[in-house]
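I have placed the structure first, in the form of structure tokens, so that the comments after it can refer back to it.
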Amino acid sequence: MFKFTAKALLCALAIGISGMASADPIVIKFSHVVADSTPKGQGALLFKKLVEERLKGKVEVQVYPNSSLYGDGKEMEALLLGDVQMIAPSLAKFGQYTKKLQVFDLPFLFNDIHAVDRFQHSATGKELLKSMENNNITGLAYWHNGMKQLSANKPLRVPRDARGLKFRVQSSDVLDAQFKAVRANPRKMSFAEVYQGLQTGVVNGAENPWSNIYSQKFNEVQKYITESNHGVLDYMVITNTKFWNGLPADIRSQLDEILGEVTDKVNAEAWALNQKAKQAVIDAKTSEVIELTPEERAKWVKSMKPVWKQFEGEIGSNVIDAALAANDAK
Ligand code: LMR
């Protein structure tokens, strides 16, 4: 009996102590793989700033850029294990958890980043944020980076130019198929390995938005960059569902509100940031920037578009149709 009472007392003490410890700030580790100067890097830093101003002493945000804590592949695992609380992977990196997000990788689907934005705000786009909740992943927001450009050490003007080249791709089966469609050899590789991969010739080409090209100095190891705008590289800001739902309701709603503000700012500024990076690449004179004629572009579309049919079953034709509908500005 005494033993039981002593144990109960110890338990009560432990609970009391952990109650006191809860006065410590909630720590949100936000890990990502790009530079601070990119749209995602800027977004993560602004989120930290606003949270720490408005939830002073209650929530602390630690930002780890440039794969300094976890790289691709590992960051998702870390989120599920509770080792980080927020990440924002590219929409190309969710294939293991849902096939529907592959819609964002379909080549030449979106006319421009405004169409991508309209789709993300549509009912279907919002539903996709919840498509991984069974896997304990909650989508909180979409952040833009921008449209992707092809690069290589030889000029890429028509699909034939890409034939036989080894292209680095993100971990996406659609992107893999996209390069196979032009008879190139795709190779899945984590972002942190790309510079060296290009430098050593493990891969000869890549596809990236301007902000990633410039901030990772890919232009130093790619002689030609084709302004193809053939696809989008955007992000989903995600959290661990159990962590998020376990937060005190008032804190969660303030974090939601702050994230909404940050999202608006990131998405309003991403285009300009990419244009600035493009200009910096041009000024660096490391690479020639190739503009496609309408005829050349049409050839890329013709070669790559069959990929849509290949993935229609997995993605769902309703999702593809909703994305296409976003090309028509209201
Ligand atoms: C990539 O792997 O190319 C991108 O997903 C990196 C990023 O987060 O922008």
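Start at 1 and go down the list; that is how both ligands and their atoms are numbered. Remember, it's a predicted structure, so these values are computed and weren't measured experimentally.
- Of the protein's non-hydrogen atoms, the one nearest atom 3 (O) of ligand 1 is R168 NH1, 2.7 Å.
- Of all atoms in ligand 1, numbered sequentially from 1 with element shown, those under 4.0 Å from a heavy atom of V34 are 6 (C), 7 (C), 8 (O), 9 (O).
- Residue V33 has at least one heavy-atom neighbour below 4.0 Å for each of these atoms of ligand 1: 6 (C), 7 (C), 8 (O).
- By the 4.0 Å N-to-carboxylate-O rule, E227 lies too far from K148 to be salt-bridged with it.
- Protein heavy atom at the shortest distance from atom 9 (O) of ligand 1 is Y235 OH, 2.5 Å.
- The distance from the NZ atom of K74 to the OG atom of S31 is 12.5 Å, given to the nearest 0.5 Å.
- Looking at L233 against ligand 1, only its side chain comes within 4.0 Å, counting heavy atoms.
- Residue-to-ligand polar distances place Q170 within reach of ligand 1: an N/O pair is separated by less than 3.5 Å.
- Checking N145 against Y235 by side-chain atom types alone, a donor-acceptor pair falls below 3.5 Å.
- When all heavy atoms of F179 and P186 are compared, the pair lying nearest together is CB-CB, 4.0 Å.
- In summary, the atoms of ligand 1 found under 4.0 Å from a heavy atom of S90, numbered by their order in the structure, are 5 (O).
- Each of the following atoms of ligand 1 lies closer than 4.0 Å to a heavy atom of K93: 1 (C), 2 (O), 4 (C), 5 (O), 6 (C).
- Distance from atom 8 (O) of ligand 1 to its nearest protein heavy atom, with residue and atom name: K40 NZ, 2.7 Å.
- A salt bridge between K265 and E269 is present, with a side-chain N of the basic residue lying under 4.0 Å from a carboxylate O of the acidic one.
- Side-chain N or O atoms of Q196 include none that pairs as donor or acceptor with a backbone N or O of E193 at under 3.5 Å.
- Contacts between N212 and ligand 1, counted as non-hydrogen atom pairs separated by less than 4.0 Å, involve the side chain only.
- Aromatic rings from F104 and F119 are positioned such that their centres are separated by under 6.0 Å.
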